[in-house]
Amino acid sequence: MVDFKAIEEKWQQKWLEEKVFEPQIDEKKPKFYITVAFPYLSGHLHVGHARTYTIPDVIARFKRMQGYNVLFPMAWHITGSPIVGIAERIKHRDPQTIYVYRDVYKVPEDILWTFEDPVNIVKYFMKAAKETFIRAGFSVDWSREFHTTSLFPPFSKFIEWQFLRLKEKGLIVKGTHYVRWDPVVGTPLGDHDLIEGEDVQILDYILIKFVLEENSEVYYLPAATLRPETVYGVTNMWLNPEATYVKARVKSGDKEEKWIISKEAAYKLSFQDKDIEVLEEFKGEKLIGKWVKNPVTGDEVIILPAEFVDPDNATGVVMSVPAHAPFDHAALEDIKKNTEILLKYDIDPRIVENISYISLIELEGYGEFPAVEESEKLGVKSQKDVEKLEQATKNIYKAEYHKGVFKIEPYKGKPVNEVKELVAKDMFEKGIADRMYEFSDKNVISRFGNRAVIKIIHDQWFIDYGNPEWKAKAREALAQMKILPESRRAQFEAIIEWLDKKACARKVGLGTPLPWDPEWVIESLSDSTIYMAYYTISRAVNKYGIKGEQLIPEVFDYIFLENFSEEKEKQLSEKTGIPKEVIREMKEEFEYWYPLDWRCSAKDLIPNHLTFFIFNHVAIFRKEHWPKGIAVNGFGTLEGQKMSKSKGNVLNFIDAIEENGADVVRLYIMSLAEHDSDFDWKRSEVGKLRKQIERFYELITEFAKYEDKDVELMDIDKWLLHRVNKAIKGATEALEEFRTRTAVQWAFYSILNDLRWYMRRTEGRNDEAKRATLRRLADIWVRLMAPFTPHIAEELWTKLGGEGFVSLAKWPEPVEEWWNKTIELEEDYIKALIDDIKEIITVAKLENAKRAYIYTAEEWKWRVAEIVAEKKDFKAAMSEVMKDPEMRKRGKEVSKLIQKLVKERAFELKRIDEEKALRQAKAFIERETGLEIIINPEEDKGGKKKQAMPMKPAIFVE
RNA sequence: GCGGGGGUUGCCGAGCCUGGCCAAAGGCGCGGGAUUUAGGGUCCCGUCCCGUAGGGGUUCCGGGGUUCAAAUCCCCGCCCCCGCACCA
């Protein structure tokens, strides 16, 4: 067995030692600059990530072989709060976290406990990731390695510069924003900060302030609703008699009012820009039977009891619109049936009896009161039928929103979805409405174990992706970019339109502080948008040990935005202490490498990082430095299951490499899927591929012993070389478009299969022509495989006596003299003939047959076929053919043949010498079929001769 | 709700943009054969239905339509997946 690991490590070391992948400026070569989204290192990379990083490496290697000066750098993203969170959880000995890090990521215990400090987590996984990438054989220029955050000051200064410039351009704005919030710990909660409720939505309730006058005091009952337009159909109010309500003084800005809301709502609203002072607590029943005024219509409506009202949802105050809200209708029905309850609150049952529903919306398929109809349809019995009522509500809301037409002035005739906005706007303007954010589900629990609330944050910094001029520039850049796969362009376009203000800083986690407001730390999606430019100067920064404080904004301005100027370099040098030659070097590198040719990442980054990447480039850089292409890839699953570190269902990239070898892993991942489709890792297939690669290795090792002599080749040799040409062409075209799977099919499988056929076809031959052919194939095959399996390709390249590294060898191009379509057709012809003979034997049950007689098409049939192929039409072909007197003699036969050919649309015809092909392959056909083959005998056996057609000889088996 | 993408033969998955050599690549699975003491591996053959001569029939979510011709184009419907932000 081949020791892949030893081979791989040998070449990895050589590449590093000889700095094969650390390109210098070389004006003689075209440059090619490709980057991939750097990994966020909260753990080991798994085989799903492997795809994202292997693709750019394969492309980088391909382009390098094509003669480009290729830059493929790498860095590490450590910005944000997850790493800090992990450190905290390790400190608190959280069992789940310890399981993941000790058992899934296999961190040794003595190191694990140092993870209480996030810096140690970062250090550990950066080292591990680098080792993994080296072991994967990635052709990365490690001289440009860096990591984000203030832990790496030069980069941090670069980010500060970016934000200063964005702010100058007015693209950073301050504002308010709501966040999920832990009210006990006092911190915003991201998705990863929740143990429950990650996908609970935040709803935007409109509060309509109904007026209660009591002893000449005005109180507001803010009814919470998602459908403000139904305020025109309110017949009564609902409070839960059992729930606790409060009277509170509510200060909002300079406005002060007295509200009646549930106790819970008072608490929640205190996080939403409301200063709340509770004056009195009481049960809801206290207010039942009182009358309040609808602030929009001026109607006086009565407060009635309803148990469906949840004090822990929104304000606990609900307006009743029975015509259009199934819950309201059901609750009204309930109290009509149960007059006792009304008497208890001293309400005259006739009042309830006389409530008449107000129809607001015209809805096709329903009468006046859709809520009533829908409730009946679903068989609602009382307000306790919560499930049915929720379904009915959903149906009605959806139908009315999309198809309903409002029928009350001043909105008569307008669609409901418009009226909804208009009513809300109007109420806000009149000061009779307010707003409240609420979760769509109560169970939102932070990782600290507390129930989350929604808090409105002030002084939040945003990047204003909603800026219309900025959007226009982003669209312009996108239009000029290549997007792979092209089908994803629509999504980019939609996201550019959709993006609006994006909060760009927070108060927790690792990162770069905002230079003008250092309490805030720039968050991770905002500090990773233009770092591809930093890579171009990173080599010099690392090499000369340039300090963060030396990198003042003017230095970046000069390097990235301005024209070459010795004067400026001198000035900056004096100011910063960076030698002016070094400033020059950085500037030259940036100008040489930029613009970025390709940005790679997994498809999940399209709605955020990749689009931000476009936006920030067009904001900061000159047009000639705007990026040129984005290629996205899909994800990976493991044996059909989604990879999940918390369930332990992951295969670490490094473990896969150690188990199978880097080349096997690389080729396997590249062969499974391409572009944005996903792949599934199956262990059994990996094992199989390993064997095939071993076979590849053995074959080339064998062919390396052969000599490429200039001898006369046989047709089948020429066939193989023609097929090799096809493989070169196919693989090259596929790689140009990042189609790795197609490329592997050409570069590996098609050659493997052709070789199998060739070996079968040349069994027994061991002449110089065969050896020369195989030797030529080997030479090309190794190079075609080099981007995918670089290590064994290097090893085999040496065996073949290739010069230098195969990584730097010339990518093969099709050899003009090898193209030979005719021979390929002849070979297909032989294959088809063998298949036909075999089929005849089975279908006609001729297992004991001895001989097959083959009749090729007569010359006149070929001539007719050629004419038909040219004319593609019965009449035209017929008149052409009939010019020939010989043909006229066969008038009827010819006419029939033309008819048949036209009907079959047999217009793609290329002449081959059938008989020659048959005679050359005779022995082979006999071996394959086990029959004696007689070619074009005089005797018309079985009367088959007339069936012969061009490319389809007549066959008689006996 | 808004937005993006899909539904192909047992499965995965090409092909569909640029209609026709498409019963539909390739792989997996399954069946048969060769090699082998056996297993594994490797190599051949088969794998929608029918067929004693290489043929015929019915397919590409459902329903319409365009066309000499549709998996491929158009319309309607059904179903599925993904993203929606301060989070990497």
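We name chains A, B, ... by the order of the sequence lines, and we start the count at 1 in each one.
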Checklist entry - Base, sugar-phosphate, or nothing: which does Asp500(A) touch, judged by heavy atoms less than 4.0 Å apart? => result base
Checklist entry - Glu685(A) CD to G13(B) P: how many Å, rounded? => result 12 Å
Item to check | Who pairs with A53(B) - Watson-Crick or G-U, where each distance is under 3.5 Å | outcome: none
Checklist entry - If you look at every strand shown and take non-hydrogen atoms under 4.0 Å, does Arg741(A) touch a base, only sugar-phosphate, or nothing? => result base
Checklist entry - Between G27(B) atom P and Asp678(A) atom CG, what is the distance in whole Å? => result 22 Å
Item to check | d(CD, Glu698(A); P, C43(B)) in whole Å | outcome: 12 Å
Item to check | Any strand: nucleotide that pairs with C84(B) via Watson-Crick or wobble, under 3.5 Å | outcome: G1(B)
Checklist entry - With a non-hydrogen cut-off below 4.0 angstrom, is Ile841(A) in contact with a base, only sugar-phosphate, or nothing? => result nothing
Next on the checklist: Taking any heavy-atom pair under 4.0 Å as a contact, classify His177(A): base, sugar-phosphate, or nothing.
Outcome noted: base
Checklist entry - Is there a Watson-Crick or G-U wobble partner for C43(B) with both distances under 3.5 Å, and if so, which one is it? => result G33(B)
Item to check | Residue met sooner reading RNA chain B from 5', once Gln947(A) and Tyr401(A) are mapped to nucleotides | outcome: Tyr401(A)
Checklist entry - U47(B) P sits how many Å from Asp835(A) CG, rounded? => result 11 Å
Next on the checklist: Using the side-chain heavy atoms of Ile840(A), tell me which of these nucleotides is nearest: G26(B), A53(B), C2(B).
Outcome noted: A53(B)
Checklist entry - Does Lys952(A) make a side-chain N or O approach to OP1 or OP2 of G55(B) shorter than 4.0 Å? => result yes
Next on the checklist: For a quick check of understanding: with a heavy-atom distance under 4.0 Å over all strands, which category does Pro953(A) fall into, base, sugar-phosphate or nothing?
Outcome noted: base
Checklist entry - Tell me: NZ of Lys838(A) to P of G51(B), nearest whole Å? => result 23 Å
Checklist entry - Lys501(A) near the nucleic acid: base, sugar-phosphate alone, or nothing, with a heavy-atom cut-off under 4.0 Å? => result base
Checklist entry - With a 4.0 Å cut-off on heavy atoms, is Ser528(A) in touch with a base, just the backbone sugar-phosphate, or nothing at all? => result nothing
Checklist entry - Of the nucleotides A25(B), G41(B), G54(B), which one has an atom closest to the side chain of Lys691(A)? => result G41(B)
Item to check | Between CD on residue Gln692(A) and OG on residue Ser671(A), distance to nearest 0.5 Å | outcome: 9.0 Å
Checklist entry - Should Arg488(A) be listed as having a side-chain N or O under 4.0 Å from OP1 or OP2 of G4(B)? => result no
Item to check | Between C84(B) (P) and Leu499(A) (CG): distance, integer Å | outcome: 12 Å
Checklist entry - When rounded to the nearest Å, what value does the distance between P atoms of G31(B) and A23(B) take? => result 29 Å
Next on the checklist: Under 4.0 Å, heavy atoms only, any strand: does Ala954(A) hit a base, just the sugar-phosphate, or nothing?
Outcome noted: base
Checklist entry - Does the side chain of Trp757(A) come under 3.5 Å of the side chain of Glu827(A) through a donor N or O and an acceptor N or O? => result yes
Next on the checklist: For Phe635(A), is there any backbone N or O sitting under 3.5 Å from a side-chain donor or acceptor partner on Lys603(A)?
Outcome noted: no
Item to check | Donor on one side chain, acceptor on other, Gln162(A) and Thr529(A), under 3.5 Å | outcome: yes
Item to check | Pairing partner of U9(B) (Watson-Crick or G-U wobble, both distances under 3.5 Å) | outcome: none
Item to check | Sugar-phosphate, base or nothing in reach of Thr742(A), heavy atoms under 4.0 Å | outcome: nothing
Checklist entry - Is Leu189(A) touching bases, backbone alone, or none of the nucleic acid, heavy atoms closer than 4.0 Å? => result sugar-phosphate
Checklist entry - Taking only N and O in the side chain of Arg756(A), is any of them less than 4.0 Å away from OP1 or OP2 of C44(B)? => result yes
Checklist entry - Tyr178(A) and Gln272(A): side-chain donor and acceptor closer than 3.5 Å? => result no
Item to check | Glu914(A): partners by salt bridge (charged side-chain N to carboxylate O under 4.0 Å, His left out), with sequence neighbours left out | outcome: none
Next on the checklist: How many whole angstroms separate atom CG of Asp676(A) from atom C1' of C81(B)?
Outcome noted: 12 Å
Checklist entry - OH of Tyr855(A) to CZ of Phe956(A): how many Å apart, nearest 0.5 Å? => result 8.0 Å
Next on the checklist: Using whole Å, what does the distance between atom C1' of nucleotide G27(B) and atom CG of Leu672(A) come to?
Outcome noted: 10 Å
Checklist entry - What is the nucleic acid contact for Val957(A), judged by heavy atoms within less than 4.0 Å: base, sugar-phosphate only, or nothing? => result base
